[in-house]
Amino acid sequence: PTMAQSKSLLVLENFIGGKFVPCSSYIDSYNPSTGDVYCKVPDSGKEEVEAAVKAAKDAFPVWSSKSPLERSQILNKLADLIEQDLEAFAQAESKDQGKTITFARTVDIPRAVYNFRFFASSILHHVTECTEMATMGCVHYTSRTPVGVAGLISPWNLPLYLLTWKIAPAIACGNTVVAKPSEMTSVTAWMMCKLLEKAGVPHGVVNVVFGTGAKAGEALVCHPDVPLISFTGSTLTAQRITEKSAPHCKRLSLELGGKNPAIIFDDADLNQCIPTTVRSSFANQGEICLCTSRIFVQRGIYSEFLKRFVAEAKKWKTGNPSDPTVNMGALISKEHLEKVRNYVKKAQTEGAKILCGEGVDSLALPPGNQKGYFMLPTVITEVKDESCCMQEEIFGPVTCVVAFDTEEEVIKRANGVKYGLAATVWSSNVGRVHRVAHRLQSGLVWTNCWLVRDLNLPFGGMKASGIGREGAKDSYEFFTEVKTITIKH
Ligand code: NAD
């Protein structure tokens, strides 16, 4: 960029011990819908992480000894402040990530607000266990205390939504945190930092260090004074984090990738199923860990489903994310777009058929978006279960549709990947729905719906999709240390 351009650029700063601190070097973060540099993100490393951990450690004694009610009131205040600025947060999230303004307004930011409200409430309602051993004259009870400085690392697809899903339970439980958002989507985390003091969050309770995974992320993972890491991101990064944290025996919560099946039986209500499955395949450009990417359709309705599904997918409007009539915005980066496109090419060379989208239909973009990272919703068929498009997480607007015959067969095929995050089952037969849901290797199963969440209940994946669960009780358990105390009278 020219000097004039760089002058108008947004320059983010780390937030350490309640103060914004500049960094010695910066990285460029792009607006995916235009291809222009949007802001400068601190390229933090060991030194910045060290300062943030120290600030978090210093703040821990006071914060951890506050009552749950005091912490709850502060979380509620923060929720109110984010909500008051909802539109500005939504605009920034859309610009930074490429997602539609509609999605940011209706999903990302409202959920970030709700994350704080939810944990502000749930922290007031936990009870610990107590048992009695009358013959020994003993009672046992458990006591839970915050762990210390929590390291929180989040991805770029739902930036503030996923970051606050970690910050809220961590601080509600009395921990202090050092968070590292994705270097590609740091703006809303920085905006949130500006509200912390007004909400009454004491200095050092929430510290945010911006930068890359390799430098800032790894420094946090390796820091001896950070006993727990909550990570959401790819399976590959999780393996690296597991290795790096092993010498310190850290507590890890890992929310990872998916290769989520939709199983559609011939008694499914297609009027409900088709629009929901288009949404579950392409919402947020297919960049949600819970997005459907393998659709198994029972043979009797296969051709009807395919015809109607493709027609519906073609109706999805791709374009300028700030246009409220647009369904799909831009993918996160040039590299990611290339990666997603390569999956489609690979499928083609293997003999699969592309029914709509990439390489088949043309995409007309407004003049300002010509350099953005857009692609159309893409439907692939005649693809083998062993194909990389059916095995690997693509994380873009690409979904595969294949036929199946029996319940037994489809369960086996749905389970035949390394991942196990989310599945959807469509049928009007209640018995079958229960049977299939029970046998799927998947942390979440939605039947006749998608993405309906009760935050009270566990969220997380099986197999390569993760370790641990998040939710009211699960996050409470993860972010606290438990002790069993026995009293003899
Ligand atoms: P990623 O693994 O590349 O990065 C995630 C975060 O980890 C980023 O902040 C990154 O900077 C950091 N990081 C990278 N290398 C690191 C290292 N060596 N040490 C410490 N931190 C490091 O993932 P991404 O591309 O940002 O996100 C997409 C992935 O996230 C997909 O696989 C998706 O399925 C997954 N995801 C999972 C869930 C879930 O809840 N299960 C939710 C959203 C996204």
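Every number for a ligand or one of its atoms is a count from 1 in the order of the listing. Both backbone and side-chain heavy atoms feed into the values below; hydrogens, waters and symmetry mates do not. Along the sequence shown, residues are numbered consecutively beginning with 1.
Between K334 and E338 there is no salt bridge, since none of the side-chain N atoms of the basic residue sits less than 4.0 Å from a carboxylate O of the acidic one. Taking 4.0 Å as the cut-off between side-chain N and carboxylate O, K384 and E350 do not count as a salt-bridged pair. Ion pair E83/R117 flagged as a salt bridge, since at least one NZ, NE, NH1 or NH2 atom sits closer than 4.0 Å to an Asp/Glu carboxylate oxygen.
Among F231, F210, Y419, the residue whose heavy atom sits closest to atom 7 (O) of ligand 1 is F231.
Here E183 has side-chain heavy atoms under 4.0 Å from ligand 1, and that is the only part of it that gets that close.
In this structure, atom 28 (C) of ligand 1 lies nearest to the protein heavy atom F395 CE2, 3.6 Å. The nearest heavy-atom contact from the protein to atom 40 (O) of ligand 1 is F459 CE2, 3.2 Å. Atom 16 (C) of ligand 1 has as its closest protein heavy atom T237 CG2, 3.3 Å. Protein heavy atom closest to atom 36 (N) of ligand 1, with residue, atom name and distance, is C289 CB, 3.6 Å. At the shortest separation from atom 12 (C) of ligand 1 among protein heavy atoms lies I153 CG2, 3.6 Å. When hydrogens are left out, the protein atom nearest atom 20 (C) of ligand 1 is G217 C, 3.3 Å; that is the closest non-hydrogen contact. When hydrogens are left out, the protein atom nearest atom 41 (N) of ligand 1 is L256 O, 2.8 Å; that is the closest non-hydrogen contact. Among protein heavy atoms, atom 31 (C) of ligand 1 sits closest to E393 OE1, 3.3 Å.
Here is the list of ligand 1 atoms found below 4.0 Å of a heavy atom in L421: 41 (N). In the vicinity of K180, heavy-atom distances shorter than 4.0 Å reach the ligand 1 atoms 8 (C), 9 (O), 10 (C), 11 (O). Atom numbering of ligand 1 starts at 1 in the shown order; those under 4.0 Å from a heavy atom of G257 are 32 (O), 34 (O). Close contacts of ligand 1 with E255, meaning ligand atoms under 4.0 Å from a residue heavy atom, involve 37 (C), 38 (C), 39 (C), 40 (O), 41 (N). Against a heavy-atom cut-off of under 4.0 Å, L162 is close to the following atoms of ligand 1: 42 (C), 43 (C). Which parts of ligand 1 touch E218 is read off a 4.0 Å heavy-atom cut-off, strictly below it: atoms 17 (C), 18 (N), 19 (N), 20 (C).
The aromatic rings of Y114 and F118 sit tilted relative to each other, their planes meeting at an angle between 30° and 60°.
Residue W156 places at least one N or O, backbone or side chain, under 3.5 Å from an N or O of ligand 1. The shortest N/O to N/O separation between R240 and ligand 1 does not fall below 3.5 Å. The N/O atoms of S234, backbone and side chain alike, include one that comes under 3.5 Å of an N/O atom in ligand 1. Considering backbone and side-chain atoms alike, G213 places an N or O below 3.5 Å from some N or O of ligand 1. Looking at ligand 1, you won't find any N or O of N157 less than 3.5 Å from one of its N or O atoms. The shortest N/O to N/O separation between S465 and ligand 1 does not fall below 3.5 Å.
Within 6.0 Å of the CG atom in L365, the count of heavy atoms belonging to other residues, nucleotides or ligands exceeds 12.
In this model, no donor atom of one side chain and acceptor atom of the other lie less than 3.5 Å apart for E470 and S475. In summary, the side chains of Q91 and E87 do present a donor paired with an acceptor at a separation below 3.5 Å, with no hydrogens or angles considered. Side chains of K166 and S230: a donor-acceptor N/O pair is present below 3.5 angstrom, by distance only. There is no side-chain donor-acceptor pair under 3.5 Å between K259 and Q391. Between the side chains of N260 and T292, not a single donor N or O lies within less than 3.5 Å of an accepting N or O.
Checked against a 6.0 Å centroid threshold, the rings of F296 and F404 do not count as neighbours.
Ligand 1 lies within reach of S154, whose nearest heavy atom is under 4.0 Å from it. Within the structure, the closest approach of P181 to ligand 1 falls below 4.0 Å when heavy atoms are considered.
In this structure A199 satisfies the side-chain contact (heavy atoms from CB on, under 4.5 Å) test together with K77, L78, L81, V201, sequence neighbours excluded.
Contact annotation: the side chain of S33 approaches that of F374 to within less than 4.5 Å [non-hydrogen atoms, C-beta and beyond].
Residue pairs meeting the ring pair (Phe, Tyr, Trp, His ring centres under 6.0 Å) criterion with at least one partner in residues 152-184, sequence neighbours excluded, are F119-W165, W156-H336, W156-F395.
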